[in-house]
Amino acid sequence: MTLPALMNTYGRLPVSFVRGEGVRLFDEQGKAYIDGISGIGVNALGHAHPAVTEAIQQQAGQLLHTSNLYNVQRQQELAEALRDASGMDNVFFANSGAEANEAAIKLARMHGHQRNIDTPHVVVMEQAFHGRTLATLTASGNRKIQAGFEPLVQGFIRAPFGDIDALENIAKNNDSVAAVLLEPIQGEGGLYPLPDGFLSQLRALCDRYNWLLMLDEVQTGNGRTGKYFACQHDGVIPDVLVTAKGLGNGLPIGACLAHGKAAELFQPGNHGSTFGGNPLACAAGLVVVNTVNSPAMLAQVADTGDYLQQQLRQRLADASHVKEVRGRGLMIGIELDSPCGGLVKQALDQGLLINVTAERVVRLLPPLIISRQDVDALLDILCPLILQWPAQSGAA
């Protein structure tokens with residue numbers, strides 16, 4: 001028996017896309033789809049964005065790769081742009097969010113050893129998601145993605161998401177903690193935001209106990225919530241900030257940003273990447289940062305996100321099976337009272353791409369450039385499907 005050429009790692013939907021333009025994708029038959037998920041938060045500027053396309057074409061015609069044995073001009077430029085956008089001090093470039101989180105975990109362990117902790121631990125959250133490498137899936141709070149990959153990596157302590165008292169209790173009773181790692185909004189965990197004021201409280205706790213405050217902004221970063229980074233809503237500067245996804249608008253790139261004492265931990269030989277920060281990915285990333293990191297663009301994201309949430313609440317107000325609409329900017333979850341994975345195929349059939357996470361939360365991550373007109377078109381497809389979902393639930 002001949003096996004398929006691709007490993008069976010994805011439950012793919014029955015469609016193949018051949019081109020994209022703005023907030024729409026087109027399949028092999030020419031059918032158009034509104035992209036409500038943007039490649040899981042990746043295509044921040046939509047598809048075939050002219051400035052991104054031009055930068056990639058120009059860079060590909062000049063230089064693709066030299067390795068980090070040498071200075072890389074585009075890498076330096078992107079690091080400076082990210083530093084300006086974030087208030088952080090320096091950057092390590094990787095190829096994905098998981099790789100960038102691995103860098104953060106290594107920084108935490110180095111910090112712990114500098115404090116003479118023999119076995120440094122990182123506090124992580126329930127329902128978190130940080131990646132699928134062995135260390136990052138261990139840090140994630142999802143037993144489903146961990147099953148079959150034991151033994152897991154040691155050195156993590158789990159806490160309830162958004163519970164400052166639980167973290168205070170850990171700090172008082174465990175002197176092996178070097179850092180805490182969490183998402184400002186849990187993406188895969190169901191679009192749950194941190195409570196108001198929590199990050200400021202956590203910043204103070206980390207300062208008291210000499211922990212690194214490490215934020216996973218792989219999904220919330222790069223303008224997704226209406227600030228360049230979600231922590232900026234609270235005026236908090238972490239010690240380590242991780243991002244990826246929207247940074248390359250489709251090209252693989254991840255970044256681990258550091259501040260203060262964390263920015264001085266890595267020295268030559270401590271960490272590295274063959275492809276990390278290559279000229280092509282950094283050329284695309286530079287366009288993204290320079291385009292998104294403007295007051296007008298970020299205000300547009302916030303305004304469009306507010307409009308989308310307001311319309312969802314209004315149109316779904318009479319649906320008793322809709323428990324909550326939540327999120328920030330253009331990172332929005334609609335929680336139903338039962339599993340709703342079948343909505344994904346129903347929406348696909350009607351020309352809309354969505355995602356369901358945590359079994360019963362419809363996740364929307366449209367391109368940041370989406371207009372109100374296209375938001376209305378998205379709502380015209382999605383809301384009737386949600387409203388009739390109880391009658392269709394047997395199809396899930």
Side-chain angles (χ1 to χ4, degrees), residues 38 40-42 44 82 85-88 97-98 100-101 104-105 108 122-131 136 139-142 158-164 166-167 179-207 211-247 254-259 262 292-293 298 301-302 305-306 309 324-333 335 357-358 361 363-365 368:
S38 60
I40 318 180
V42 168
L82 282 170
S86 65
M88 304 294 280
N101 273 321
I105 293 166
V122 177
V123 179
V124 292
M125 303 296 119
E126 295 173 359
Q127 284 81 53
F129 183 84
H130 299 294
T136 57
S140 299
N142 184 337
R158 202 162 304 283
F161 183 68
D163 187 337
I164 195 69
L167 293 172
V180 58
L181 171 65
L182 72 163
E183 305 153 273
I185 302 174
Q186 290 190 324
E188 298 296 325
L191 282 291
Y192 289 101
L194 286 167
D196 291 341
F198 177 87
L199 270 185
S200 296
Q201 293 176 303
L202 182 56
R203 175 72 274 176
L205 185 149
C206 289
D207 290 341
W211 293 2
L212 296 184
L213 172 55
M214 307 199 305
L215 296 181
D216 179 342
E217 294 227 25
V218 168
Q219 197 163 140
T220 56
N222 307 297
R224 176 57 57 185
T225 69
K227 296 285 188 182
Y228 199 86
F229 289 111
C231 60
Q232 293 170 329
H233 290 285
D234 296 271
V236 169
I237 296 180
D239 300 296
V240 179
L241 190 158
V242 173
T243 195
K245 286 193 180 291
L247 180 57
C256 178
L257 290 72
H259 180 265
V292 173
N293 189 34
L298 293 170
V301 172
D306 288 345
Q309 286 203 55
E324 187 180 18
V325 175
R326 57 179 176 261
R328 197 162 206 169
L330 288 169
M331 183 175 181
I332 296 171
E335 183 176 357
T357 188
V361 180
R363 175 168 53 173
L364 296 176
L365 300 167
L368 305 185

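- A donor-acceptor contact shorter than 3.5 Å links the side chain of Q232 to the backbone of A85.
- Two residues are said to be in side-chain contact when any heavy atoms from C-beta on lie closer than 4.5 Å; R363 and Q219 meet this criterion.
- Here the side chain of S140 pairs a donor or acceptor atom with the backbone of H130 at under 3.5 angstrom.
- The one candidate from I237, D239, L82 that meets the side chain to side chain contact (heavy atoms under 4.5 Å, CB included) condition with M88 is I237.
- Heavy-atom minimum distance, A44 versus G246: CB-O, 4.1 Å.
- Within the 3.5 Å criterion, the main-chain N or O of T136 finds no donor-acceptor partner in the side chain of N101.
- One N or O on the side chain of E217 and one on the backbone of A230 form a donor-acceptor pair closer than 3.5 Å.
- Contact annotation: the side chain of L191 approaches that of M331 to within less than 4.5 Å [non-hydrogen atoms, C-beta and beyond].
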| request: Apply the test side-chain contact (heavy atoms from CB on, under 4.5 Å) to residues F161 and Q186: give CA-CA distance (whole Å), side-chain angles for both, the deciding distance (0.1 Å), then the verdict. | output: CA-CA 9 Å; F161 183 68; Q186 290 190 324; 3.3 Å; yes
| request: Check the pair D234, L194 against side-chain contact (heavy atoms from CB on, under 4.5 Å), reporting the backbone distance first and the verdict last. | output: CA-CA 11 Å; D234 296 271; L194 286 167; over 6 Å; no
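- The minimum heavy-atom distance linking V361 with G333 is given by the pair CG1-CA, 3.8 Å.
- Side-chain atoms of Q309 never come within 3.5 Å of backbone atoms of I332 as a donor-acceptor pair (strictly under, hydrogens ignored).
- The OG atom of S38 sits 4.5 Å away from the CZ atom of R224 when rounded to the nearest 0.5 Å.
- Under the 4.5 Å side-chain criterion, counting only non-hydrogen atoms from C-beta, P193 is not in contact with H233.
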| field | Intermediate values then yes/no, side-chain contact (heavy atoms from CB on, under 4.5 Å), L202 and L182 | value | CA-CA 11 Å; L202 182 56; L182 72 163; 3.6 Å; yes
| said: Would V236 and Q201 count as a side-chain contact (heavy atoms from CB on, under 4.5 Å) here? Give the steps. | reply: CA-CA 10 Å; V236 169; Q201 293 176 303; over 6 Å; no
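- Taking the side chain as every heavy atom from C-beta outward, L215 and L199 approach each other to under 4.5 Å.
- Side-chain contact between L298 and K227 is absent, with no heavy-atom pair separated by less than 4.5 Å.
- Counting all heavy atoms, side chain and backbone alike, C231 lies closest to P238 at SG-CD, 4.0 Å.
- In this structure, K245 and L365 have side chains that are not in contact, with every pair of non-hydrogen atoms separated by 4.5 Å or more.
- With T243 contributing its side chain and A255 its backbone, the two residues share no donor-acceptor pair below 3.5 Å.
- The shortest distance between side-chain heavy atoms of Y192 and E335 falls below 4.5 Å.
- Not a single donor-acceptor pair under 3.5 Å links the side chain of R158 to the backbone N or O of Q127.
- Atom CG of L257 sits about 5.5 Å away from atom CZ of F229, to the nearest 0.5 Å.
- Shown here for C256 and A100, the closest heavy-atom pair between the two residues is CB-O, 3.8 Å.
- The minimum heavy-atom distance between V240 and A262, with the atom names listed, is CG2-CB, 3.9 Å.
- Between V292 and N222, the closest side-chain pair of non-hydrogen atoms is not below 4.5 Å.
- Around atom CD1 of I40, no more than 12 heavy atoms belonging to other residues, nucleotides or ligands sit under 6.0 Å away.
- Between P195 and G162 the shortest heavy-atom distance is CG-O, 3.7 Å.
- From M125, atom CE reaches atom CG of L167 across 5.0 Å, with rounding to the nearest 0.5 Å.
- Rounding to the nearest 0.5 Å gives a distance of 5.0 Å between CG of D216 and CD of E183.
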